[in-house]
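Labels below follow one simple rule: chain letters A, B, ... track the order of the sequence lines, proteins then strands, and each chain is numbered from 1. The analysis underlying the following values was restricted to heavy atoms, covering all of them including side chains, and did not include hydrogens, waters or symmetry mates.
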Amino acid sequence: MKTIYLDHSATTPALPEVVQTMIPYLREQYGNASSIYRIGRESRKSVEEARRQVANLIGAEPEEIFFTSGGTEADNMAIFGVVAACGEKGKHIITTRMEHHAILHPCEQLEKRGYDVTYLNPDPKGLLRVEDIKKAIRADTFLISIMHVNNEVGTIQPIEEIGLIAREKGIIFHTDAVQSVGKIPVDVKKLGVDLMSLSAHKIYGPKGIGALFIRRNTTIDPFIFGGGQERKRRPGTENVPGIVGFGKAAEIAQRDLPADMERITYLRDKLIDGILSSIPYTQLNGDRQKRIPNNANFSFRFVEGESLLLMLDMKNIAASSGSACTSGSTDPSHVLLAMGIPFEIAFGSLRFTLGKENTEEDIDYVLKVLPLIVERLRAMSPTTIQGQNGGDNKKEGTLCTTR
Amino acid sequence: MKTIYLDHSATTPALPEVVQTMIPYLREQYGNASSIYRIGRESRKSVEEARRQVANLIGAEPEEIFFTSGGTEADNMAIFGVVAACGEKGKHIITTRMEHHAILHPCEQLEKRGYDVTYLNPDPKGLLRVEDIKKAIRADTFLISIMHVNNEVGTIQPIEEIGLIAREKGIIFHTDAVQSVGKIPVDVKKLGVDLMSLSAHKIYGPKGIGALFIRRNTTIDPFIFGGGQERKRRPGTENVPGIVGFGKAAEIAQRDLPADMERITYLRDKLIDGILSSIPYTQLNGDRQKRIPNNANFSFRFVEGESLLLMLDMKNIAASSGSACTSGSTDPSHVLLAMGIPFEIAFGSLRFTLGKENTEEDIDYVLKVLPLIVERLRAMSPTTIQGQNGGDNKKEGTLCTTR
Amino acid sequence: MYNEIIMDHFQNPRNVGESSRKDGVGQVGSPVCGDTTMIYLDIEESRIQDIKFKTLGCAAAIASSSMLTEMVKGKTLEEAKRVSTQDIVSALGGLPEAKVHCSVLAGDALKAAIEDYEKKQNKE
Amino acid sequence: MYNEIIMDHFQNPRNVGESSRKDGVGQVGSPVCGDTTMIYLDIEESRIQDIKFKTLGCAAAIASSSMLTEMVKGKTLEEAKRVSTQDIVSALGGLPEAKVHCSVLAGDALKAAIEDYEKKQNKE
Ligand SMILES: Cc1ncc(COP(=O)(O)O)c(C=O)c1O
Ligand SMILES: Cc1ncc(COP(=O)(O)O)c(C=O)c1O
């Protein structure tokens with residue numbers, strides 16, 4: 001039976017057009033894009049065309065796009081690159097506790113090196129308060145990094161307002177847009193950001209390729225050193241097939257955005273409404289309105305996320321609990337905890353992220369299967385309350401007291 | 001007309017089997033290798049199989065292989081990772097002036113941060129003297145990085161001897177084996193290295209993927225921070241198609257090595273002998289014996305490298321002058337200069353690097369075409385000497401005196 | 001990630017629920033991962049006549065509990081006390097390293113249940 | 001990398017060689033890139049009757065020399081002196097930024113050749 005894939009925030013299948021675009025560059029058009037002979041020049045041309053496609057998707061200039069090996073590298077390049085270039089002028093960085101680990105862990109490294117990092121908490125709906133940013137800014141703040149869309153709860157952060165503040169104060173502003181690009185309109189000019197991280201495999205492009213948008217005249221040093229590729233900002237033989245695949249995916253993302261948004265929002269809302277009405281002791285995590293079209297994140301009390309995932313897997317449904325990279329662990333999501341969701345509720349969370357291939361039948365199937373799975377696991381659980389599956393009886397039960 | 005590709009040290013065409021292995025992972029088997037559902041577990045399994053294949057090629061354990069985005073990242077990860085982990089214990093690093101820029105430029109960064117770097121020169125044949133290493137070692141030396149095979153002249157360095165010295169002194173030893181792996185037998189145990197950089201696209205694998213071998217218990221910190229992938233040493237969503245392609249390429253490299261070495265050495269020797277005997281004022285750069293089978297690097301006096309390349313390109317021959325990443329510039333190769341080759345000789349250098357697809361006809365064609373091209377350019381050159389194309393008359397002519 | 005034995009015990013856990021007499025009841029929660037396991041024992045002449053469990057936790061935690069109940073059912077309390085985490089992990093055919101701590105709960109809950117039983121016996 | 005005009009002048013350079021009379025000869029070498037260009041002039045009544053060049057250098061250097069010779073042939077010395085590097089680059093339809101310095105040589109060699117001619121004239 002085919003997989004009903006509902007984990008598009010972890011990764012997406014590359015589109016057939018993307019794969020078709022890539023294949024020639026894997027074999028016949030193998031020229032090194034930095035070589036001056038014909039097959040090298042052809043690779044160069046395709047790389048520059050892809051750069052234009054990616055730039056278009058986010059309203060940037062092609063010269064402002066630098067290809068990286070993915071979102072993680074783009075995030076590291078942004079943080080460490082700005083620190084290398086301006087870390088002598090300031091010592092304070094502002095970010096949030098709901099960032100991806102590709103931002104949080106570099107920031108922790110910087111703390112070890114003596115930088116001050118302020119980690120702001122989002123509100124209980126998963127939204128950052130702009131006032132918190134204002135309050136956190138110090139005279140020596142030189143970098144603000146706030147994700148555009150959170151990867152777990154899908155909430156859209158007030159980047160435009162923060163951009164105005166950052167610009168006014170002359171602070172470099174980075175946004176991790178790995179989860180927003182291709183899902184909602186993204187325009188670097190409107191958002192007022194200096195740096196933006198992208199990842200191709202989240203927008204139906206290939207894995208292993210991403211980009212950092214660097215606004216012209218932004219003070220940033222390279223992160224990786226070597227040959228002269230990417231105008232010396234990101235050396236290494238260009239991943240031509242990956243880059244052209246990314247370009248194609250960006251072009252398609254731009255073309256399909258309005259239609260995809262509408263269709264996927266409809267399916268997602270059906271999923272949210274269906275689950276909330278059929279499974280008691282369930283909550284939707286993250287603001288219902290300020291969220292990307294494809295995200296539905298739930299907490300089911302009295303069950304644990306990984307068990308849910310595996311039971312769904314046996315029914316050929318692919319979902320996620322917490323972020324993709326930690327879904328092997330049962331630690332509840334750091335994002336939900338930062339939102340102030342109690343441990344025992346975060347513990348039983350499940351993220352569905354819809355995509356292009358999903359149909360209404362997929363959603364119907366999930367709505368049929370999931371209530372039974374939750375019921376089955378709750379029946380095994382020592383912490384459920386009497387009558388919790390009755391639907392009406394919603395008073396709190398005894399919870400695990402040993403923690 | 002088809003290209004006669006003689007620039008395999010810049011990049012190689014991925015083999016058909018490699019591309020066939022990759023394609024399913026671009027589309028149907030798109031699962032995130034860190035996800036626990038079925039398509040995720042399948043990706044994981046393929047990644048681990050590839051890790052085994054790469055490990056086998058260099059005599060390592062699979063747990064000692066960490067995938068990166070290429071050779072450049074592997075080099076940066078080695079240098080910066082060791083410095084982060086042990087840079088407090090020592091302050092001296094030893095490397096050579098013939099390293100790839102992916103080593104030289106990180107080392108320059110370290111000099112800015114207060115580290116001492118000794119750059120050893122190779123001898124005029126492009127070989128490092130082991131005594132020079134011995135002499136350079138100081139009490140505070142904590143890292144030695146010496147390439148296994150030079151990318152421009154193809155010379156094989158005495159890594160095994162250096163490994164013994166490094167081990168005796170307790171100094172971490174890294175080798176950039178991007179140009180040796182797949183061309184000559186490489187065994188990390190025999191070479192006695194702690195760290196080794198690899199790049200897939202140099203061994204008929206895909207671009208944008210490489211690896212760092214890290215011997216168990218080597219003191220090294222991560223270079224990129226984020227999720228838990230690659231046992232936290234190299235986070236970022238795994239480039240599954242790239243990794244499986246690299247694995248397949250490694251397997252084939254191992255299988256074909258003896259036969260390829262023999263066949264390519266024969267063709268290469270024919271090319272060297274043919275050129276040296278038909279074009280006067282020409283020299284082979286790099287030791288003739290201690291060199292990988294596929295490299296032939298020449299200097300033609302009274303001509304300039306880029307002009308040669310473009311003339312060859314018009315005859316559908318793809319070659320290189322200097323390293324791939326700088327072949328757009330007319331600066332002579334830093335490697336040739338480090339070998340002590342005079343500027344005006346290094347200026348007219350040309351690198352042919354042979355590969356699997358090359359045939360004897362290809363070599364015959366080059367031997368027919370190249371002498372005419374050199375002659376044509378020399379006829380245009382103000383610095384040639386009377387009678388230099390006569391063959392016998394080999395005394396020095398007047399050289400450009402304005403430099 | 002998980003082998004077939006574990007997946008079998010996760011999908012078809014043995015002895016889920018509560019035993020009829022509940023002569024001994026033990027509940028432990030893991031501060032590391034938030035899992036909770038409860039063991040219910042029916043004891044006759046110092047022998048485990050029936051054992052049931054409830055677990056809130058990951059597949060490793062559920063499978064470990066299920067496996068443990070099979071391993072100790074019918075054993076004397078002394079024999080049951082000697083079953084270690086390592087025994088459970090071995091019976092499951094091994095666990096991913098990051099998951100070994102999840103299997104500790106089952107044994108701890110059993111020990112707590114036996115203690116509970118013995119405490120009650122002493123009171124009588 | 002290079003446009004068609006440049007590639008045409010590189011492949012079919014105009015006016016390569018040495019002029020018959022060599023009334024003025026100029027040679028310059030670039031310390032940046034090692035290129036060398038030599039210009040040979042035949043002058044008649046302060047007008048460039050013939051011009052030839054030799055260049056050791058990259059395609060940009062060769063094409064620039066070739067283009068320059070075409071641009072100034074038949075011009076008076078005063079007119080020829082006014083031809084700038086920018087004029088050569090424009091006539092070539094633009095050069096990659098990293099290559100602009102290679103086109104400087106041609107103009108410099110022409111100036112040196114004119115100077116050489118003028119010096120000889122003054123001596124006479
Ligand atoms: C918000 C966010 N940032 C960064 C990343 C890292 O991207 P990649 O896995 O392509 O390195 C991800 C995805 O894993 C993400 O969701
Ligand atoms: C010796 C050497 N090291 C490192 C590299 C860099 O590898 P990559 O281009 O895959 O990043 C190369 C090739 O360009 C090389 O020849």
Pro222(A) versus chain B, the contacting section by heavy-atom distance below 4.5 Å: neither
In Å and rounded to the nearest 0.5 Å, what is the CD1 to CE distance from Ile23(B) to Met22(A)? 9.5 Å
Heavy-atom cut-off 4.5 Å, strictly under: side chain, backbone, both or neither for Asn316(A) against chain B? side chain
Chain A: which of Gly236(B), Pro235(B), Ala14(B) shares the most heavy-atom pairs with it under 4.5 Å? Ala14(B)
Step by step, work out the side-chain contact (heavy atoms from CB on, under 4.5 Å) result for His201(A) and Asn239(B). CA-CA 9 Å; His201(A) 73 96; Asn239(B) 177 356; over 6 Å; no
Give, for atom CD1 of Ile224(B) and atom OG of Ser69(A), the distance between the pair rounded to the nearest 0.5 Å. 5.5 Å
Working to the nearest 0.5 angstrom, can you tell me the gap between Arg27(A) CZ and Gln20(B) CD? 10.0 Å
NZ (Lys112(A)) with more than 12 external heavy atoms under 6.0 Å: no
Quick check on Arg41(A) against chain B: is it the side chain, the backbone, both or neither that has a heavy atom closer than 4.5 Å? side chain
Scan Asn76(B), Ile103(B), Leu110(B) and name whichever one has a side-chain contact (heavy atoms from CB on, under 4.5 Å) with Phe225(A). Asn76(B)
Can you tell me which portion of Val19(A) sits under 4.5 Å from chain B's heavy atoms? Options are side chain, backbone, both or neither. side chain
Test side-chain contact (heavy atoms from CB on, under 4.5 Å) on Lys207(B) and Ser43(A); report intermediate values, then the result. CA-CA 12 Å; Lys207(B) 294 176 176 65; Ser43(A) 291; over 6 Å; no
Rounded to the nearest 0.5 Å, what's the gap from CD on Glu238(B) to OG1 on Thr11(A)? Could you check? 10.0 Å
First locate atom CD of Glu73(B), then atom OG1 of Thr68(A), and finally report the distance between them rounded to the nearest 0.5 Å. 10.0 Å
Interchain contact, Ala33(A) with chain B, by part (heavy-atom threshold 4.5 Å): neither
If you count the non-hydrogen atoms of other residues, nucleotides and ligands that lie under 6.0 Å from NZ in Lys315(A), is the total more than 12? no
Check the pair Tyr37(A) / Asp7(B) against side-chain contact (heavy atoms from CB on, under 4.5 Å), numbers first and verdict last. CA-CA 10 Å; Tyr37(A) 38 75; Asp7(B) 199 15; 2.5 Å; yes
Most contact-rich option vs chain A, by heavy-atom pairs under 4.5 angstrom, among Asp313(B), Leu26(B), Thr12(B), is Asp313(B)
To the closest 0.5 Å, what do you measure between CD1 (Ile36(A)) and CG (Leu310(B))? 4.0 Å
Contacting region of Ile209(A) [heavy-atom separation from chain B under 4.5 Å]: neither
Part of Arg234(A) within contact of chain B (heavy atom distance under 4.5 Å): side chain
With a 6.0 Å cut-off on ring centres, are Tyr204(A) and Tyr30(B) close enough? no
Of the listed residues (Pro106(B), Gly31(B), Gly40(B)), which shares the most heavy-atom pairs with chain A below a 4.5 Å separation? Pro106(B)
